[in-house]
Every structure is written in C-alpha cells, then in structure tokens.
Amino acid sequence: MPKNKGKGGKNRKRGKNENESEKRELVFKEDGQEYATVTKMVGNGWVEAQGADGEKRLAHIRGAFRKKVWITQGDLILLGLRDYQDSKADVILKYTPDEARMLKSYGELPDHIKINDTQIMEDSDEEVNVEFDIDEI
C-alpha cells in the first residue's frame, strides 16, 4: 500500500478559514457590471437578485464561489451582466457587510438598497404587555 504523503483530506480543508482574517481591497463596479442584493435562493447554483438599477435577474454562482463563499438571502453581490441575455447574470463577488457599508458611504449604492446587517438587540427598559382574551375565540 502507498504511504500517505499529504497533510489530510477534504475534512481538514473544510475546517480551515484562510481568507477570513485578510482585508481585501474594495472592488467597485465597471462597465458591464451591476450591484445587486440576493432576494431568493433558487437552487443548483442560481440566485434571484434585485439589481441597483431595479431589474430582477437570475444570477449564476460561478464554480470557484460555490463551496468557498456562502451566499445567502440579503447579501450584497457584484453581478457580471451578459451581453446576449439581459435577464441573466453571473455572480462575480460577494461583499462583506463592512464593504457594503463603505460602498454606501462612498455613494456607489442607491438609497433603496438595504444592507443585510445582523443587528444586536439591546436590552430595553420598556416592557411589552400583551393580553389575550380567550373568551372571544
């Protein structure tokens, strides 16, 4: 039997998070590209995205992104528009929430695009009183 010469299999690679700590340069859109937010996960590597121009497009997640970058509903992405199909596009890049905030502050994103931030609910002093009247049911 041959000796194992590697350092592990796919389970070892799954545990690594190599690109998490790196800060990358902010990428702006060019000709033939558009900012969009993911509205729905369609499946099989496709998402439905609402572009900054107001168009709804089906976008294909390219192969390099499929297992390395997880795209969920509400994420801000950069689409590569197709010359021959206006209703379909390709996902080029997924922006982190920090990058999305920076794009908004630079004025690259229109006001109607919402950034998917996980907001921490702080403890409030207000009490919420809800009364149920079972007799009416």
Side-chain angles (χ1 to χ4, degrees):
M1 287 194 22
K3 283 188 172 181
N4 293 335
K5 295 184 180 179
K7 295 196 175 190
K10 69 177 179 183
N11 289 334
R12 182 176 185 275
K13 290 176 189 168
R14 233 181 239 166
K16 284 187 179 179
N17 213 352
E18 297 166 350
N19 59 357
E20 189 66 33
S21 61
E22 294 179 16
K23 276 256 188 195
R24 65 178 183 207
E25 189 176 322
L26 190 60
V27 179
F28 296 105
K29 75 172 183 176
E30 298 173 0
D31 288 343
Q33 296 177 349
E34 191 65 49
Y35 300 114
T37 54
V38 177
T39 55
K40 187 164 94 175
M41 301 298 294
V42 180
N44 200 20
W46 289 88
V47 296
E48 190 177 274
Q50 178 78 36
D53 57 354
E55 283 281 319
K56 265 197 176 174
R57 293 182 175 91
L58 274 178
H60 183 254
I61 303 170
R62 59 193 190 94
F65 266 28
R66 280 199 186 189
K67 291 184 181 172
K68 292 181 184 172
V69 179
W70 292 106
I71 297 177
T72 57
Q73 190 172 351
D75 285 341
L76 183 70
I77 55 177
L78 183 64
L79 295 180
L81 304 178
R82 297 180 177 181
D83 296 334
Y84 51 93
Q85 286 177 313
D86 193 41
S87 64
K88 292 185 182 176
D90 299 297
V91 178
I92 297 174
L93 184 73
K94 175 191 167 189
Y95 291 105
T96 62
D98 291 334
E99 291 172 335
R101 266 187 245 106
M102 288 180 71
L103 282 173
K104 194 133 183 162
S105 67
Y106 290 150
E108 286 285 319
L109 297 176
D111 293 334
H112 70 273
I113 288 190
K114 294 195 173 30
I115 300 169
N116 190 15
D117 288 334
T118 53
Q119 296 176 353
I120 301 170
M121 297 292 287
E122 296 190 19
D123 295 331
S124 62
D125 295 335
E126 299 176 17
E127 284 189 26
V128 178
N129 293 325
V130 179
E131 294 181 23
F132 294 100
D133 193 8
I134 299 176
D135 296 333
E136 292 180 9
I137 300 175

### Task
Go through Val91 and Leu79 one step at a time and tell me if the side chain to side chain contact (heavy atoms under 4.5 Å, CB included) criterion holds.
CA-CA 5 Å; Val91 178; Leu79 295 180; 4.1 Å; yes

Show me the donor-acceptor pairs, under 3.5 Å and distance only, between side chains in residues 40-49 and residues at least two apart or in other chains.
from: Glu48; atom 1: OE2; to: Thr39; atom 2: OG1; distance (Å): 3.4

### Query
Between Glu34 and Lys29, does a salt bridge (Lys or Arg N to Asp or Glu O under 4.0 Å) hold up when you go through it step by step?
CA-CA 6 Å; Glu34 191 65 49; Lys29 75 172 183 176; 3.6 Å; yes

### Message
Minimum heavy-atom separation for Leu26 and Tyr106, please, with both atom names.
### Response
CD2-CE1, 3.6 Å

### Task
Ignoring hydrogens and angles, tell me if any N or O in the side chain of Gln50 forms a donor-acceptor pair with the backbone of Gly54 under 3.5 Å.
yes

### Query
Roughly how far, to the nearest 0.5 Å, is the CZ atom of Arg101 from the NZ atom of Lys104?
11.5 Å

### Message
Could you work out, with side chain to side chain donor-acceptor pair (under 3.5 Å) as the rule, every residue matching Arg82, not counting sequence neighbours?
### Response
Gln85, Asp90

### Task
Output the distance between atom CG (Leu76) and atom CG (Leu103), rounded to the nearest 0.5 Å.
6.5 Å

### Task
Would you please name every residue forming a side-chain contact (heavy atoms from CB on, under 4.5 Å) with Asp86, sequence neighbours left out?
Glu55, Arg57

### Task
Determine the minimum heavy-atom distance between Phe65 and Lys94, stating which atoms define it.
CE2-N, 3.7 Å

### Message
So, taking the atom named CD in Gln33 and the one named CG in Leu81, what distance separates them when rounded to the nearest 0.5 Å?
### Response
8.0 Å

### Query
Rounded to the nearest 0.5 Å, how far apart are OG1 of Thr37 and OH of Tyr95?
13.0 Å

### Summary
dist Glu108:CD -> Glu99:CD (nearest 0.5 Å) comes out at 13.0 Å

### Query
Under 4.5 Å between side-chain heavy atoms, hopping through other hydrophobics if needed: is there a path connecting Leu93 to Phe28?
yes

